[in-house]
Amino acid sequence: MNIFRLAGDLSHLLAIILLLIKIWKTRSCAGISGKSQILFAIVYVSRYLDLVTTFISVYNTFMKLVFISTSVATIYLMYVKFKATYDHNHDSFRIEFLLVPCFLLALLINNAFTPLEILWTFSIYLEAVAILPQLFLVSKTGEAESITSHYLFALGSYRALYLLNWIYRYYAEGHYDLIAIFAGAIQTILYCDFFYLYITKVLKGKKLQLPA
Amino acid sequence: ANRLGKKDEL
């Protein structure tokens, strides 16, 4: 463990908590993409199957259980409890166009051709693009509530911090995984225009308005 | 990359 990865995990946890607070306090999931939340749940389930086979640490097991349970809870809140506030019309991204290519790519480019490894690789590729429905929704509605933009900033920062973690681990431990690094780089790049808007607008107290 | 090393990340 290093400071970059710990900061990344905490930023990730913060994002998930911010999302739950937004939905619970406003009793609405307006402006949130249910499709992205479904993709995140698939990412965590397919990545954390090793929960039952490998014990790394209490921290590792605890965080995996938190990520899986909160992602399922978010989907429940969006599609059941606050279903009436879910923005079906704008949340129209076809996630099969992400699921199928990621799975096929995982079959082609992976570290080992075993079920657990293929699923881990699939989850890494899927996580890189899982935010697309959410960014697509924000671009269609043209704006986002400030707490939603804080959620996106924390979520985008987590993988950016992981990039620093991988640089650190390469030099400190000689450990690296090109699949995780390339996917993490793409994932972070997808947030760049949002990061720009967040820093130039939201941090100045303005609302996140995308140029129409 | 050692097996455990790679899989100790979230």
Side-chain angles (χ1 to χ4, degrees), chain A residues 1-2 4-13 16 40 43-44 47-51 53-57 59-68 110-112 114 116-117 119-121 123-124 127 158-159 161-163 165-166 168-170 172-181 183-184, chain B:
Chain A
M1 178 57 80
N2 59 68
F4 303 112
R5 186 146 62 93
L6 182 60
D9 291 342
L10 294 180
S11 181
H12 191 183
L13 187 63
I16 291 173
F40 286 127
V43 165
Y44 301 138
R47 187 177 305 176
Y48 299 152
L49 293 173
D50 64 351
L51 261 176
T53 59
T54 324
F55 176 77
I56 307 275
S57 69
Y59 171 82
N60 189 272
T61 302
F62 172 72
M63 292 294 269
K64 286 177 178 176
L65 291 173
V66 167
F67 289 163
I68 290 175
N110 52 61
N111 290 315
T114 62
L116 218 53
E117 195 67 30
L119 283 172
W120 178 85
T121 310
S123 89
I124 290 288
E127 188 189 8
Y158 127 72
R159 215 62 180 171
L161 288 163
Y162 256 69
L163 290 173
N165 153 63
W166 289 319
Y168 172 84
R169 294 193 80 174
Y170 177 70
E173 305 163 20
H175 160 95
Y176 66 96
D177 181 327
L178 289 180
I179 285 177
I181 292 169
Chain B
N2 68 36
R3 298 289 308 151
L4 184 62
K6 182 168 84 172
K7 287 295 180 292
D8 71 349
E9 293 180 349
L10 290 174

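Worth saying up front: this structure is predicted, and the values here are computed from it rather than measured. Residue numbers start from 1 in every chain, and the chains themselves are labelled A, B, ... in the order their sequence lines are given, proteins ahead of strands.
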Partners meeting side chain to side chain contact (heavy atoms under 4.5 Å, CB included) with A:Asn60 (sequence neighbours left out)
A:Ile56, A:Ser57, A:Lys64, B:Leu10
Rounded to the nearest 0.5 Å, what separation is found between the CD atom of B:Glu9 and the CG atom of A:Asp177?
8.0 Å
For the NE2 atom of A:His175 and the CG atom of B:Asp8, what is their distance to the nearest 0.5 Å?
6.5 Å
In terms of heavy-atom proximity below 4.5 Å to chain B, should A:Tyr162 be classed as side chain, backbone, both, or neither?
side chain
Test of understanding: with ring-ring contact (aromatic ring centres under 6.0 Å, His included), list the residues that count as partners of A:Tyr170, not counting sequence neighbours.
A:Tyr176
Electrostatic pair B:Lys7-A:Glu117, nearest N-O below 4.0 angstrom:
yes
